[in-house]
2 protein chains.
Amino acid sequence: MQLQYLRVFSHIEAVARAGSIRKAAEALFITPSALDRRVQDLEAELGVALFERHARGMRLTAAGEVFLHHVRAQRADFERVQTEIELLKGVRRGAVGIAASQALAYSVLPEVINGFRAANPGISFKVHICDRQAVVASLRAFEADLGLVYNVQPAGDLTLLMQVEQRLCAVMADGHPLAAQVSVKMRDCVRFPLALPDPSLGGRAILDGFFARSSLQPNVVLESNSFEMLRNYVRGNDAISFQVQVGTPLARVQDGVTARAIEERAFPRQPLTVAQLKGRHLPQPAVRFLASLRDAL
Amino acid sequence: MQLQYLRVFSHIEAVARAGSIRKAAEALFITPSALDRRVQDLEAELGVALFERHARGMRLTAAGEVFLHHVRAQRADFERVQTEIELLKGVRRGAVGIAASQALAYSVLPEVINGFRAANPGISFKVHICDRQAVVASLRAFEADLGLVYNVQPAGDLTLLMQVEQRLCAVMADGHPLAAQVSVKMRDCVRFPLALPDPSLGGRAILDGFFARSSLQPNVVLESNSFEMLRNYVRGNDAISFQVQVGTPLARVQDGVTARAIEERAFPRQPLTVAQLKGRHLPQPAVRFLASLRDAL
DNA sequence: TGCACCGTTCGAATTTTTGCAACACTGGCG
DNA sequence: CGCCAGTGTTGCAAAAATTCGAACGGTGCA
């Protein structure tokens, strides 16, 4: 849904994204001339050039960046108001936008969302799984209400809503020799080939911290930026992978893969952080979901 | 300055204020029918009735209140973005909106603003002097950026930025017998007629607190809701008035009136509070002025 | 009951926005 | 060097939207 009166703002955003009036016009199903006039009118009303006219297209000026950010903030707030109004009508509808690290796609998010939707059937979710930088970028672009991320670098425009200490667990095939134990030691794990998350993923920093302090020699046979890839890999052999353990039953077997707690307690900790863009008013559904999340973790 | 594309929002506000389409239309220099369509179109786009149609006019529905608040917040934020952009152009312009209690109109605000404008000539001010409730109302309606008020009742939608403990001082004519002393005692003051601020003003609560605990019998000859009234009254006779002392030189004589510190230290304290609406992004000039205020108090 | 005031509707007039074609310009490439 | 594909921009006509003026239907008050 889009307010008639806010078309121009979308137009600006489209031009910024497309990088040229002609491409943006095509995406908006209008002619370049009409779009050009909208841009010029707005620039005249603001008294600033929003774009640098380049021979190959248009790039945002500093003022344009500021204004675009305002436009996005305004739209996000308008959508919040809309769900607020829906709530007034008695309809419990609305959507929660979430940007999260991959580790959460496995069990945490699906399960918490499931539980939440059982109690609030009208609320829908938009979950964007991506790396750390993209999570922050999603928050900044108002595409996501909540960001769930490891290893957060404290940025000035973020508000940390919640932090949960996380521990790693070892992931292995169901019939793996170590699966007979309730919990495993790293010393035992390194006797098997290891399939590790790559540095773009959350758990890797913990492992690096551990191996740096220990004398164990890991035999890394696979690195990947996909937890799913790692899980599916260890199913077929005796390799061991690692994953952040987030409030999920450890012993559960799923698709032939199981997880075991790691005994070492001196592991470097790395908190899972839930964050929002500073100064934003979260839509009501997002606030409620945050409470659900807090209960679950 | 007003964005063309936000006309409708102003229209809604006008209708809400005027209480009827016809009056609002008159104020906006358009016909009732045009305005009516704008309202109806917007209601259709939102899917909610913003107004209750009454035989004597229109009143906001709950949804209308919510939406109107959003509109005002949006406009305030847009104005902030505008000054942000002006700043980018190198122009240091902008306005700070202040709502404050009367006690501050005498010396604090004029002087702090004067000092601030010496350093920032481009910044203009809108100072609205009013009572406590109106200060909070101004903040809620986005008419003021900063509210300066005594005796603040902690409302949930306000953020307290700064609190300064205030003391009372005695105000009297320049040639008053007590003016010979550097500081005065309340015991001496009550030997003279008293001109007191009335309960709508900040200092009164402090005085009431004192007299309730003490055995002194005040001889109240004048109560007023205007500090200026009180000051001008004591100039012509031997009455004594009281005023909050806010970082101003005590001994200064102005228009035949002077002030003296009060010796009693057990006076109930009452903090001057600087507040903003919770969740707002203050415009840059307001932030800088707040720093000035902090230095001065 | 009558009157004053309200919001609302209709079709025409007006204003604004859009489309189309052409123009002027820049950067890359043969 | 000149061509060419790409850009933003402008003039004028067409289309769409907003606005106007006048009349209609309803409600509260004297």
Side-chain angles (χ1 to χ4, degrees), chain A residues 1-65 67-68 71 75 78, chain B residues 1-65 67-68 71 75 78:
Chain A
M1 144 134 202
Q2 189 75 328
L3 253 286
Q4 185 77 263
Y5 310 95
L6 303 177
R7 272 174 306 173
V8 202
F9 297 151
S10 311
H11 290 181
I12 297 296
E13 194 171 13
V15 173
R17 188 192 340 266
S20 96
I21 286 202
R22 294 187 117 99
K23 282 177 193 153
E26 192 178 4
L28 295 169
F29 302 105
I30 57 177
T31 51
S33 75
L35 182 53
D36 178 61
R37 298 195 123 102
R38 284 295 70 68
V39 174
Q40 287 192 60
D41 287 355
L42 187 59
E43 288 183 323
E45 285 191 288
L46 291 173
V48 208
L50 261 20
F51 294 94
E52 291 170 353
R53 267 69 173 177
H54 203 264
R56 313 197 68 59
M58 305 179 84
R59 216 190 325 280
L60 283 170
T61 62
E65 302 260 17
F67 185 75
L68 181 58
V71 165
R75 176 183 313 143
F78 171 69
Chain B
M1 147 140 199
Q2 188 76 324
L3 254 286
Q4 186 77 267
Y5 310 95
L6 303 177
R7 273 174 305 174
V8 203
F9 296 152
S10 310
H11 290 183
I12 296 297
E13 195 170 11
V15 173
R17 185 190 344 265
S20 94
I21 285 200
R22 292 186 118 99
K23 283 178 193 155
E26 191 179 2
L28 295 168
F29 302 106
I30 56 177
T31 50
S33 74
L35 183 52
D36 180 59
R37 294 200 116 100
R38 286 294 69 72
V39 174
Q40 285 191 61
D41 287 354
L42 187 60
E43 288 183 323
E45 284 191 290
L46 291 172
V48 207
L50 260 20
F51 294 93
E52 291 171 352
R53 268 68 172 176
H54 203 264
R56 315 198 66 58
M58 304 179 83
R59 215 191 323 281
L60 282 170
T61 62
E65 303 260 18
F67 186 75
L68 182 59
V71 166
R75 176 181 313 143
F78 171 69

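Just so we're on the same page: letters track the sequence lines, and every chain starts at 1. Only a predicted model underlies this, so the values are computations on that prediction, with no experimental measurement involved. Just the heavy atoms: all of them, side chains too, but no hydrogens, waters or symmetry mates, feed the values below.
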Check your understanding: Think A/Ser20 has a side-chain N or O under 4.0 angstrom from the OP1 or OP2 of D/dT7?
Key -> yes

Check your understanding: Just how far, in rounded Å, is C1' of C/dT9 from CG of B/Asp41?
Key -> 13 Å

Practice item. Just compare D/dG8, D/dC20, C/dT18 and give me whichever is closest to any side-chain atom of B/Ser33. Key: D/dC20

Check your understanding: Does any donor-acceptor pair link the side chain of B/Arg22 with the base of C/dG7 at a separation under 3.5 Å?
Key -> yes

Revision key, fill the gap. Considering only heavy side-chain atoms of B/Lys23, the closest of D/dG21, D/dT9, C/dC6 is C/dC6

Check your understanding: Can you check the B/Arg56 CZ to D/dG26 P distance for me, whole Å?
Key -> 18 Å

Review point. Which sits closer to the 5' end of DNA chain C, B/Arg37 or A/Ala55, going by the nucleotide each is nearest to?
Key: B/Arg37

Exercise for review: Respond yes when some side-chain nitrogen or oxygen of A/Arg38 is under 4.0 Å from OP1 or OP2 of C/dT18, and no when none is.
Suggested key: yes

Check your understanding: Nearest to the side chain of A/Pro32, which nucleotide is it out of D/dG8, D/dT9, C/dG7?
Key -> D/dT9

Practice item. Determine: side-chain N/O of A/Arg53 to OP1/OP2 of D/dT9, distance under 4.0 Å, yes or no. Key: yes

Check your understanding: Whole Å only: how far is the CZ atom of A/Arg7 from the P atom of D/dT18?
Key -> 7 Å

Check your understanding: Below 4.0 angstrom from OP1 or OP2 of C/dT9, is there any side-chain N or O of B/Gln40?
Key -> yes

